[in-house]
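This report concerns only the one structure given below.
Proteins come first, then strands; the chains are lettered A, B, ... in the order of their sequence lines, and each starts at number 1. Note that the structure is a prediction, hence the values are computed from the model and not measured.
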Amino acid sequence: MPELPEVETIVRNLREGENFSLPGRKIQSVDLLWDRTLAFPERENFLTRLPERQVAGVERRGKYILLRLDQGCLLIHLRMSGDVRVEPSFDVDGGRRASALHDRLLFYFEDATRLAFNDTRKFGRVWLVDSPDQVLKDLGPEPLSEDFTASLLAEGLRKHKRQVKPLLLDQSFLAGMGNIYTDEALHLAGIHPARQSDSLTEEEVDRLWAAIRHVLSEGIRQNGSSIDWVYRGGGFQNYFRVYRRVGLPCPVCGTKIVRVVVGQRGTHFCPLCQPLRS
DNA sequence: CCTGAAACCTGTCTGC
DNA sequence: TGCAGACAGGTTTCAG
């Protein structure tokens with residue numbers, strides 16, 4: 001589930017959800033159910049350092065969730081199938097609530113609630129570090145920040161000679177884009193996903209810049225996208241123009257949407273609106 | 001520098 | 001029904 005809009009939605013809910021908010025809670029104990037979920041530090045260090053730590057704030061950077069603690073910072077990357085839940089620690093009978101299928105890490109708080117990290121495919125990772133920069137140092141700009149201008153995008157695209165879609169997916173180029181929002185942005189901008197990055201005209205770059213910001217903002221406004229069994233709650237899938245719409249008509253021209261593979265990723269586009277040569 | 005393949009994992013869906 | 005194969009919202013590492 002996790003591209004920028006889905007992670008942003010999760011972060012907002014953790015920070016100030018309907019029935020809960022993480023800031024202010026103090027960790028009592030931690031249960032690590034799948035060792036490889038932990039990227040840093042080693043198990044013993046992680047388990048002994050966390051009790052008594054208090055959550056100071058919740059932030060997002062790219063696709064990372066940041067839990068700022070009174071000492072140190074927890075980073076969570078959901079990768080393909082990760083998710084988090086907040087729920088009571090105990091059942092009605094007073095016993096500790098059993099973990100759910102595919103729960104990998106549980107944080108128990110002093111107020112009898114817990115945060116569960118659930119991840120079917122085990123790709124997700126968690127870090128506990130003094131400074132988040134240790135993990136985030138190679139990330140590109142935040143696409144929705146004021147720093148990310150059309151001319152900055154133009155400069156970046158010019159600097160490389162790569163297919164534009166894999167470049168947009170490269171987190172050191174731009175932080176937060178994933179397969180869905182990249183396909184959607186390229187369609188909105190009328191750019192073929194395999195176009196060479198340094199071949200885009202100024203007009204095309206401007207359209208791409210606006211399209212990236214538009215699809216991400218709309219994604220957040222819709223609380224992300226829900227597809228298959230993974231994510232629930234979001235509604236942006238109702239507005240997909242090309243993603244997983246093979247054979248269905250392009251919303252602009254009616255041509256059938258096709259699927260190809262670009263940079264090892266399933267890629268959806270309109271052959272008429274997104275020609276390979278402009 | 002760029003591209004593609006493979007690895008890390010589990011689950012679902014499709015076609016024979 | 002069973003089974004093989006493709007595919008899934010991500011990232012890293014390695015070969016050419």
Please say yes or no: joined through hydrophobic side-chain contacts below 4.5 Å, possibly via intermediate residues, are A/Leu32 and A/Leu67 part of one cluster? yes
Between CD1 of A/Ile227 and P of C/dA8 the distance, given in whole Å, is 10 Å
Could you tell me whether A/Glu142 and A/Arg60 have a side-chain N and a carboxylate O separated by less than 4.0 Å? yes
Which pair of heavy atoms, one from A/Met177 and one from A/Gln171, lies closest together, and at what distance? O-NE2, 3.0 Å
d(CG, A/Leu78; P, C/dA8) in whole Å: 19 Å
Integer angstrom distance from the P of C/dA4 to that of B/dC9: 22 Å
Among C/dG9, B/dG11, C/dT12, which is the nearest nucleotide to the side chain of A/His102? B/dG11
Tell me: CZ of A/Arg265 to P of C/dG9, nearest whole Å? 5 Å
Give A/Tyr181 one of three labels, base, sugar-phosphate or nothing, depending on what nucleic acid heavy atoms sit under 4.0 Å from its own. nothing
If you measure from the Lys or Arg side-chain nitrogens to the Asp or Glu carboxylate oxygens, is any gap between A/Glu59 and A/Arg68 under 4.0 Å? yes
C/dT1 to B/dT10 separation - C1' atoms, rounded to the nearest Å: 23 Å
Quiz item: cation-pi between A/Arg96 and A/Tyr108, 6.0 Å / 45°: yes
Which of A/Arg162, A/Arg265, A/Lys165 passes salt bridge (Lys or Arg N to Asp or Glu O under 4.0 Å) with A/Asp170? Answer is A/Arg162
Classify the ring geometry between A/His77 and A/Tyr64 as parallel (under 30°), tilted (30 to 60°) or perpendicular (over 60°). perpendicular
Check the distance between C/dT11's P and A/Arg121's CZ and give it to me in whole angstrom. 13 Å
Distance between C1' atoms of C/dG9 and B/dC2 (Å, rounded): 25 Å
P atom, B/dC8 versus C/dC3: distance in rounded Å? 25 Å
For the residue pair A/Phe269 and A/His187, is the inter-centroid distance of their aromatic rings smaller than 6.0 Å? no
Pair A/Phe46 + A/Phe40: ring centers closer than 6.0 Å: no
Rounded distance in Å - CG (A/Leu101) to P (B/dC9): 17 Å
Answer with base, sugar-phosphate or nothing: what part of the nucleic acid does A/Arg259 contact at a heavy-atom distance below 4.0 Å? sugar-phosphate
Of the candidates B/dC9, C/dG9, B/dG11, the side chain of A/Arg244 sits closest to C/dG9
In short, A/Leu200 meets A/Arg195 closest at the heavy-atom pair CD2-NH2, 3.4 Å
Within residues 160-170 of chain A, which residues have any heavy atom lying less than 4.0 Å from an atom of DNA chain B? A/His160, A/Lys161, A/Arg162, A/Gln163
Presence of A/Lys159 side-chain N/O under 4.0 Å of B/dC1 phosphate oxygens OP1/OP2: no
So, does A/Gln264 get its side chain near the phosphate of B/dT3, meaning an N or O under 4.0 Å from OP1 or OP2? no
Verify the contact: side-chain N or O of A/His77 to OP1 or OP2 of C/dG10, cut-off strictly under 4.0 Å; return yes or no. no
Determine the interplanar angle of the A/His160 and A/Phe173 rings, folded into 0 to 90°, and report it as parallel if under 30°, tilted if 30 to 60°, perpendicular if over 60°. perpendicular
Side-chain N,O (A/Arg36) to OP1/OP2 (B/dC9) below 4.0 Å: yes
Does the ring of A/Phe123 lie flat against the base of B/dC8, closer than 5.5 Å centre to centre with planes under 30°? yes
Could you tell me the separation between the CD1 atom of A/Ile10 and the P atom of C/dG9, rounded to a whole number of Å? 16 Å
In this structure, how many angstroms lie between the C1' atom of B/dC8 and the CG atom of A/Asp119, rounded? 11 Å
Within the 4.0 Å heavy-atom criterion, would you say A/Arg125 contacts the bases, only the backbone, or no part of the nucleic acid? nothing
Rounded to the Å, how far apart are A/Glu3 CD and C/dA8 P? 13 Å
How does DNA chain B look in dot-bracket form if you count Watson-Crick and G-U pairs under 3.5 Å, write [ ] for pairs that cross, and put | where a base pairs with another strand? .|||||||.|||||||
